[in-house]
Amino acid sequence: MASKRGDVSNELYLPNKIIQENAFVKTMDEYRKLYKRSVESPEIFWKEIADEFYWKTEKKGKFFSYNFDISKGPVYVEWMKGSSTNTCYNLLDRNVIEKGFGDRIAYYWEGNDPDDHATITYKELLRNVCKFANVLKGKGVKKEDCVAIYLPMIMEVVVAMLACSRIGAIHSVIFGGFSAQSLAQRILDAKCTVLITADGVWRGTKLLNLKETVDEAYKICKENGHHMKASIVVKHLGPPESKEDHLKKITQQAKRPVYDLKTPWNPDIDCWWHEEMNRANDICEPEWVDAENPLFILYTSGSTGKPKGVVHTTGGYLLYAATTFKYVFDYHPGDIYFCTADVGWITGHTYVVYGPLAQGATSVMFEGLPFHPHPGRYWEIIDKYRVTKFYTAPTAVRALMKYGDSHVTKYDRSSLKILGSVGEPINPEAWLWYHKIVGNEQCSIVDTFWQTETGGHVLTPLPGCTPTKPGSATFPFFGVVPALLNDEGKEIQGPGEGYLVFKKPWPGMMRTIYKSHERFETTYFEKFIGYYCTGDGARRDEDGYYWVTGRVDDMLNVSGHLLSTAQVESALIEHKAVSETAVVSHPHSVKGECLYAFIVLKEGYQFNSDVEKELRAKVRSKIGPFASPEFLHHTSGLPKTRSGKIMRRILRKIARNDRDLGDLSTLADPQVVDELYKTRPKNI
Ligand code: ATP
Ligand code: MG
């Protein structure tokens, strides 16, 4: 695989001097030294980090072992197997008792409504977690049972997750926006019998009746012979109030939304969270578990097919979440950290819950949406709490860009130091806007590449030392050894483009797919023997920077030229009228494949033949005439997963007018799909 990517800026952005002076890693030389040590002596490197945490028992001898080579036997990865610990103890008791951080704020909670907010300290969190751990025990939950959590972004979600970890149970958090069908599918896969939910939640001006969805899901479970034992329901929306009154209030930005949802109730299994908590004891000894015991299952978002229950374990995940959080966000006491991800995704697990708490950090947890009640909400929150480190997704950055700079610039934002990006390749246009407009050119941008499977960042800049290039995730994190392979599975040396794989395990990588080790092996280790295959393509430039180009199935070959759809998207989005674009391949009788581009325009722009011409000209001048899209499909929106990622496999089908869309459980807005079939270009 080899292709030029001449479209992207190769300009270097050096770390801000003040950030650099205070950073854990201040120079690239220091980074290289630490990196070298992490890959040459991983036992020593990670043992030193493990020593910062509490281990009930420590097994002497081999610190880790693994097999990536499927031809030699089963694939496995183990870190500190035989040692025992408890994640919750390390996140809470250690911070409260050993470090004396009890009164430190763990979370500033910011509700959907700007006037709805709360705080929780480490001490309060610990007390609540102990109580809830006892509630779970009372419901019969035991070590290694799997508990389903279907909650919005409220503090109870953290309490529930950590309570599971405290008693050695495995949590499976299911994003609160998922439908009954998707929820049931996940409950059934892990055979959960206890579920934690809430009566409902406001997302912007939309009311979600979570408990109703839960009950629908239970019906599906029952039809499949699976019976639930208990649901614990958080009364989040409070006492009755009419929906109309409530809507009036939110438009006036008033207090906490309250609205009686007429929560459906089955007294045999349903109980209120607050009633159970009132009765619960606040002392709960942690369950000491093996470092390789599962901590949680998390289903991947499903942009490429049937969701997989990715399993993460206790010891290695803790070390990796804590270490990546510390270095990538350069976390120091006094920082206020705000990650916008929902806890239903891996980013929410590692960088809203486990990483920050492992470091005793203070975070902002946000229930709402970036546009509610106005498109300046993120920046308003940043000013309100004086946020220093901010972490969001390119999809949010691009959407906010669309509203224009004034929604950002009217806020102060001078507290910001680091801006993170995760979830998709960030196109240079959006990167530069993030840097210049949001960050006032004062912040380090960390474009972090990772996956549900990797547990934490694997390719990322470090904010105090890495000179960044817009759109590049730069270099590997400590312990991570990337390689690029060509179609024959040969490693590409020096600059080039190929399949992004990893040669060695790091502590936070997934261990298996829940109850399906074979699927784990075939998905990640079969294509290239001896390597963990990410399924993403990447390019390494002359300076050794990695540029993730997107999933390998998003690569295409036009008249013998291999290119990634991301390149073409970067060119198209430079056009002033374009707010979002996605490019997929389409079969072509002469060229083999050709490009089919979906175009969403910004407010106030018309799609016409002039715009079409200009768009094609952009691609021609940025990449070359061969890359010019054959088809331009104007649409008002794109199909996305509930975590905001474009579902390209659906777009590929739409381009081919193929109606067999497969599993749609993760699709956020099915209407968009109907529109897209109707608006396919006429010339096809
Ligand atoms: P599924 O595996 O079920 O299809 P998914 O891959 O979207 O879902 P995640 O694990 O949340 O689920 O996302 C990981 C993927 O997101 C990566 O494989 C990559 O394609 C993309 N990604 C994440 N961060 C970045 C980044 N900084 N740059 C480029 N791509 C990224
Ligand atoms: Mg994936």
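Counting convention: from 1, in listed order, for ligands and their atoms alike. The chain is numbered in sequence order, starting from 1. Values below: every heavy atom of this structure, side chains too, minus hydrogens, waters and symmetry copies.
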task: Kindly indicate whether a cation-pi arrangement holds for Lys326 with Phe24, taking the cut-offs as under 6.0 Å to the six-membered ring centre and within 45° of the axis.
output: yes
message: A cation-pi test, strictly: NZ or CZ of Lys527 under 6.0 Å from the centre of the six-membered ring of Tyr499 and no more than 45 degrees from its axis. Yes or no?
response: yes
field: Numbering as shown, the atoms of ligand 1 that approach Asp447 to under 4.0 Å (heavy-atom distance)
entry: 26 (C), 27 (N)
query: Is the charged tip of Arg642 near the ring of Phe178: under 6.0 Å from the six-membered ring centre and within 45° of its axis?
result: no
field: Short side-chain to backbone donor-acceptor contact, Ser472 and Lys469, under 3.5 Å
entry: no
message: As a check for students: among Thr448, Ile346, Thr452, identify the option with a heavy atom nearest to atom 27 (N) of ligand 1.
response: Thr448
task: Would you tell me which option among Arg551, Lys645, His457, Met647 has the nearest heavy-atom contact to atom 11 (O) of ligand 1?
output: Lys645
field: Close approach, Gly423 and ligand 1, non-hydrogen under 4.0 angstrom
entry: yes
task: Could you say whether the N/O atoms of Asp536 and ligand 1 ever approach to under 3.5 Å?
output: yes
- prompt: Of Phe502, Tyr31, Tyr35, Tyr320, which is the lone residue that meets ring-ring contact (aromatic ring centres under 6.0 Å, His included) with Phe477?
  reply: Tyr320
field: CA sep, side-chain torsions, deciding dist, call: His435, Tyr13, side chain to side chain donor-acceptor pair (under 3.5 Å)
entry: CA-CA 10 Å; His435 178 67; Tyr13 287 77; 5.8 Å; no
- prompt: Hey, is ligand 1 close enough to Ser421 that some N/O pair sits below 3.5 Å?
  reply: no
task: Could you tell me whether ligand 1 has any atom less than 4.0 Å away from a heavy atom of Trp450?
output: yes
message: Can you name the atoms of ligand 1, numbered from 1 with element, that are less than 4.0 Å from a heavy atom of Val548?
response: 29 (C), 30 (N)
